[in-house]
Amino acid sequence: MQKFHRILQIILLVYFVGILIFFIAFDTMGSLVGIAEATSNSVVKIMLTGLVLFLISWLIGKAVKSSLNGKIKKMESEMNSLKAKIYDFEHPKTMDKPKKETPQKPAEGDSGSIPPRQNFTED
């Protein structure tokens, strides 16, 4: 599809360059093609043909871009899953969980490592 899009763009370029050259040299080339004068009807047909070629090229370009974006997203998700697997291999989970130490209650008169608060009042 991408190759077809490139070929269609080249055809579009050649078409418009050919039409440009045709209208620049209309006095000599018009009689060769069988067009005596450039009527609005013939110019509209030529431009509509160019517009149709352009729209086909544009739509195929959008389809190619959408296809490539889909491939990129798929590759990114595969890459992320591979990164996750590599991380899992590098950091294996241990089966025995470390035991958490339970805090011991201080004795009744002891408030732990915090010194008692002293209130000093001046009389």
Side-chain angles (χ1 to χ4, degrees):
M1 190 78 144
Q2 197 172 12
K3 193 174 235 179
F4 180 68
H5 180 246
R6 287 182 184 168
I7 291 171
L8 195 58
Q9 283 182 330
I10 291 171
I11 290 171
L12 184 66
L13 176 69
V14 169
Y15 177 79
F16 277 113
V17 168
I19 293 299
L20 180 67
I21 292 171
F22 175 75
F23 280 119
I24 289 173
F26 183 74
D27 293 335
T28 58
M29 295 184 77
S31 61
L32 294 174
V33 181
I35 301 175
E37 69 180 53
T39 62
S40 62
N41 193 20
S42 62
V43 173
V44 167
K45 287 180 184 177
I46 291 170
M47 289 299 155
L48 282 178
T49 304
L51 178 66
V52 168
L53 284 173
F54 173 76
L55 288 176
I56 291 171
S57 176
W58 180 71
L59 288 173
I60 290 176
K62 285 291 224 183
V64 167
K65 184 178 179 182
S66 173
S67 172
L68 290 176
N69 282 338
K71 286 181 182 178
I72 288 171
K73 287 181 182 178
K74 182 180 175 185
M75 290 174 84
E76 284 177 347
S77 65
E78 289 176 358
M79 186 175 62
N80 286 338
S81 67
L82 288 174
K83 284 181 181 178
K85 286 180 182 179
I86 290 172
Y87 181 83
D88 289 342
F89 285 134
E90 290 176 352
H91 302 89
K93 295 180 181 177
T94 56
M95 297 306 284
D96 44 307
K97 295 179 183 177
K99 296 181 181 179
K100 294 183 181 179
E101 293 183 20
T102 57
Q104 295 180 1
K105 293 183 182 178
E108 280 192 31
D110 189 16
S111 63
S113 62
I114 301 173
R117 183 175 163 194
Q118 297 178 356
N119 290 331
F120 295 102
T121 57
E122 291 184 31
D123 295 326

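Worth knowing before you read on, the calculation uses all heavy atoms, side chains too, and leaves out hydrogens, waters and symmetry mates. All residue numbers in this chain count up from 1 along the given sequence.
Residues M47 and L53 share a single hydrophobic cluster, defined by chaining ILVMFWY side chains whose heavy atoms lie under 4.5 Å apart. Cluster annotation: L12 is not connected to L8 through the hydrophobic network of ILVMFWY side chains, with a link wherever side-chain heavy atoms come within less than 4.5 Å. A single hydrophobic cluster is seen to contain both V43 and Y15, as judged by linkage of ILVMFWY side chains at heavy-atom distances under 4.5 Å, directly or through other members.
Considering only heavy atoms from C-beta on, F4 stays 4.5 Å or farther from V64 through its side chain. Considering only heavy atoms from C-beta on, K71 comes within 4.5 Å of S67 through its side chain. When side chains are defined from C-beta on, K74 counts as touching E78, because their heavy atoms get closer than 4.5 Å.
For N41, the side-chain contact (heavy atoms from CB on, under 4.5 Å) partners are T39, K45, not counting sequence neighbours. Remark: L51 pairs with L48, L55 by the side-chain contact (heavy atoms from CB on, under 4.5 Å) rule, at least two apart or across chains. F89 pairs by the ring-ring contact (aromatic ring centres under 6.0 Å, His included) definition with nothing, not counting sequence neighbours.
Pairs engaging residues 58-88 under the ring pair (Phe, Tyr, Trp, His ring centres under 6.0 Å) rule: Y87-H91 [sequence neighbours left out]. Under the ring pair (Phe, Tyr, Trp, His ring centres under 6.0 Å) criterion, the residue pairs touching residues 18-40 are F22-F26, with sequence neighbours excluded. For the ring pair (Phe, Tyr, Trp, His ring centres under 6.0 Å) condition, no pair includes a residue of residues 38-57, sequence neighbours left out.
The residue from V14, I19, L13 that alone fulfils the side chain to side chain contact (heavy atoms under 4.5 Å, CB included) condition with V17 is L13.
H5 places a side-chain N or O within donor-acceptor distance of the main-chain N or O of S57, the cut-off being under 3.5 Å.
If you take NZ on K65 and CD on Q2, they are separated by 13.0 Å, rounding to the nearest 0.5 Å. To the nearest 0.5 Å, atoms CZ (R6) and CD1 (I60) are separated by 14.0 Å. Atoms CG and NZ, from L68 and K73 in turn, are 12.5 Å apart once rounded to the nearest 0.5 Å.
The number of heavy-atom neighbours closer than 6.0 Å to CE of M79, taken from other residues, nucleotides and ligands shown, is above 12.
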